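Beneath this line is the structure, given in structure tokens, with notes to follow.
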Amino acid sequence: MTVQTSRKTRLALIGALAASTFLANSAFAAGEATGDNPTQRTVPYVSSVSGAYLAAKAAQISGDLGVATGYFDAALRYDPESEDLQQDALFAYLADGRFKNGVDLAAKLRDDPDVGKVARIALGVDDLRRGAFDAAVEQFDLPNPSDLDALLLGHLMAWAEVGAGHVDAALERIGKLDNAQWYPTFNHYQAGLIGILTGRDDLARKELSALVDDASQAQTSTDAYLGAVEALARLEARAGNKDAAIAAVDKGLDIAATYDPLVRLKERIEKGETIEPAIASVGRGAAEVLYVLGQAINRGEGQQVALLYFQLARAIAPADDMLLNALAGVAEKAQRLDLAISYYDEIPQDSPLRRTADLQTGLDLWYAERKQEATEHLRAAVERYPQDLQAHLAFADVLSADKNYGEAAKVLDDAAKFSAPDDAGTWNLYYQRGIAHERLKQWDEAEPNFKKALELYPNQPQVLNYLGYSWVDMNRNLDEGLQMIKTAVELRPNDGYIIDSLGWAYYRLGRYDQAVEQLERAVLINPVDPTINDHLGDAYWRVGREREAKFQWQRSLVGDPKPDEDLVKTINDKLANGLPPAQSNGPQKAAADPGAAQPQDSAAVKPAEAPAQKAD
């Protein structure tokens, strides 16, 4: 459910928006981490095992694990001894957080050649959770593991050995993990945490410093690096070494300047508050192994394995706010926004991640079509965090998506008052502020903001695209504006929306052959976008390819997202009557050419994404 907007409306959403695109929602929330009291899954009645199984697999493929596990429940009631059913249900239960159900199946499948590895890891986690540490070591001792599995299992066994009182054996085990060159980042972190938990402060300081003092290791795992920074800073603060603690935090902030846990920790250390240790239990250490490695693979095809790791970690540490935040992110990527919101709701009010949770919740509400709730939620967030730039940007995003540019401009004007004007990280503020004023037809206020954004972030593709197209559209600075769009295309050669900008700029300049060339490229990348197809239809008409023009217009009517009513009306008129003769000189203005959109509706842009709060 992307927000349906025109070029400049959509551009208004991009500013503070980031990597993951959030889509549909789900009616099912997560169960308790242990699976003892999972939220009731209500699924339609099925009368056969095959029907239940097929429904479960369909739901699993679509990403709705709550429905999938409900159907697996039904299928297993029909045929509780089916190994195929048990194997599929094992993964679904564990990924959905129904840990007890998963463990029950894991006990039956421990020696299964296909799923035995996952079954034994689940059983080992259950042993850890219950304090059966020797049994956990036995479960985790798997033959012929991959490099990733060897590291995961080695660290989990080490924590189990710590629980059993064999600290030296645990550290020795970690020291022998050397299969891959990326191991040391994780080894230093886990050894440091073991040192903290067992009172071996000198060892902890040595291991954590070996990681923190080498910022390049953050490239292997940002989470392990920042975790080590926080652990070392807490260790030094508790030892009374305030300067050393602050120095450690500052190294982390050099990597992630707005990372809330470190920002909050630094404030507390400077105030002389009592600082808690980084680790307080064996279970929390084992959960950190699963969390950090899950984050390291949480992309592409690794996302499903990462989800499994996170849910296993949550079985041990159900209230961990970092895990809740990670699970919410996975739910967003799987288009389960209600589930994501439920995870954010569980993050405590005093958590350093509460701000992130508040802002993400507001954006998730918007994409879940709960727009009034989203607006009020983010309005409250701005009041709660009056000096927070990301809160203002997120609120302005939603206001702009609702075409409330007047209030969006006010919110952004307020943000500009407390933001450092020369901070490169604020380019987005000026970009969005420029868009809001441009949409209010206040170009004299908009243009300086676009230029300021480019001053702070030279060659930012979205800013080049917006400012360049605006100039071309207004018949100003034509050469410079066109070159800006060309540069944006060079920087984003696979962005169909920016390529569409170039094609439509050529169209507005009456350079129809070049327009066709670029718009055909854009359609290949974004074949179902209605506005791009509409533009290509217009360009085809101008070069005499009238049958192809009508085909593209027809495609626009069934595009995704659905074209708005005004565009549908315009397309139907073009299908009936074609386009009038083009002007012979200068940009083709909409008043003379019904086929050319108004400036604010000039072309498609990349659909809105959600703010990059998690990386801050």
Side-chain angles (χ1 to χ4, degrees), residues 1-13 401 403 439 465-466 469-470 472-475 485 489 495-608:
M1 293 178 294
T2 52
V3 180
Q4 183 176 314
T5 55
S6 64
R7 164 186 296 285
K8 291 184 179 177
T9 304
R10 290 184 194 168
L11 275 171
L13 300 175
K403 300 186 178 181
R439 298 309 303 271
N465 183 31
Y466 204 108
Y469 186 86
S470 296
V472 171
D473 189 70
M474 292 185 292
N475 199 23
I485 305 172
V489 170
D495 190 321
Y497 301 105
I498 293 180
I499 295 170
D500 174 78
S501 287
L502 180 58
W504 197 239
Y506 281 136
Y507 181 94
R508 300 285 277 168
L509 293 169
R511 296 161 62 173
Y512 301 121
D513 289 332
Q514 290 170 291
V516 166
E517 179 185 358
Q518 297 303 324
L519 292 168
E520 285 180 336
R521 286 179 60 199
V523 163
L524 285 174
I525 297 171
N526 298 91
V528 296
D529 185 272
T531 312
I532 298 178
N533 279 284
D534 178 48
H535 290 169
L536 181 56
D538 290 0
Y540 278 155
W541 186 274
R542 292 297 179 211
V543 297
R545 297 163 63 176
E546 295 180 4
R547 178 179 294 181
E548 292 168 275
K550 290 185 176 182
F551 175 78
Q552 296 302 141
W553 290 332
Q554 289 282 6
R555 289 186 68 183
S556 297
L557 293 175
V558 294
D560 182 20
K562 291 182 62 177
D564 60 33
E565 292 181 5
D566 290 340
L567 181 56
V568 169
K569 183 178 178 180
T570 299
I571 291 172
N572 283 329
D573 181 69
K574 290 188 289 189
L575 286 168
N577 304 307
L579 294 177
Q583 290 179 305
S584 57
N585 297 309
Q588 305 300 303
K589 304 306 288 182
D593 182 356
Q598 295 291 337
Q600 66 268 28
D601 297 320
S602 53
V605 236
K606 187 176 182 181

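As the structure is a computational prediction, the values presented were derived from the model and not from experiment. Along the sequence shown, residues carry numbers from 1.
The OG1 atom of Thr531 sits 8.0 Å away from atom CD1 of Ile571, with the distance rounded to the nearest 0.5 Å. Atom CG in Leu536 sits 10.0 Å away from atom CH2 in Trp504 (nearest 0.5 Å). Here the straight-line distance linking atom CD of Glu517 with atom CD1 of Ile499 works out to 10.5 Å at 0.5 Å rounding.
Judged by distance alone, the side chain of Arg508 and the main-chain N or O of Tyr469 form no donor-acceptor pair under 3.5 Å. A donor-acceptor pair is defined here as one N or O able to donate and one able to accept, closer than 3.5 Å; no such pair exists between the side chain of Asp529 and the backbone of Gly559.
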One pair to check against side chain to side chain contact (heavy atoms under 4.5 Å, CB included): Leu575 and Leu557. What are the steps and the verdict?
CA-CA 11 Å; Leu575 286 168; Leu557 293 175; 3.8 Å; yes
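Of all non-hydrogen atoms in Pro561 and Pro530, the two that sit nearest each other are O-CG, 3.1 Å. The minimum heavy-atom distance linking Pro527 with Asn533 is given by the pair O-ND2, 3.1 Å. The minimum heavy-atom distance between Ala522 and Ile532, with the atom names listed, is CB-CG2, 3.8 Å. Of all the heavy atoms in Ile485 and Val472, the pair that sits closest is CD1-CG2, 4.4 Å. For the pair Lys574 and Asp534, the tightest heavy-atom approach, listed with the atom from each and the gap, is NZ-OD1, 2.5 Å.
Applying the side-chain contact (heavy atoms from CB on, under 4.5 Å) criterion to Leu524, with sequence neighbours excluded, gives no partner residue. For Glu546, the side-chain contact (heavy atoms from CB on, under 4.5 Å) test picks out Trp541, with sequence neighbours left out.
Within the 4.5 Å cutoff, side-chain heavy atoms of Arg555 are placed close to those of Val523. When side chains are defined from C-beta on, Asp513 counts as touching Val543, because their heavy atoms get closer than 4.5 Å. In this structure, the side chains of Arg521 and Val489 come closer than 4.5 Å at one or more pairs of heavy atoms.
Side-chain atoms of Trp553 and Asn572 include no donor-acceptor pair closer than 3.5 Å.
Paired with Tyr540 under the rule side chain to side chain contact (heavy atoms under 4.5 Å, CB included), one option of Arg547, Arg545, Lys550, His535 passes, and it is Arg545.
Not less than 6.0 angstrom separates the ring centroid of Tyr506 from the ring centroid of Tyr512.
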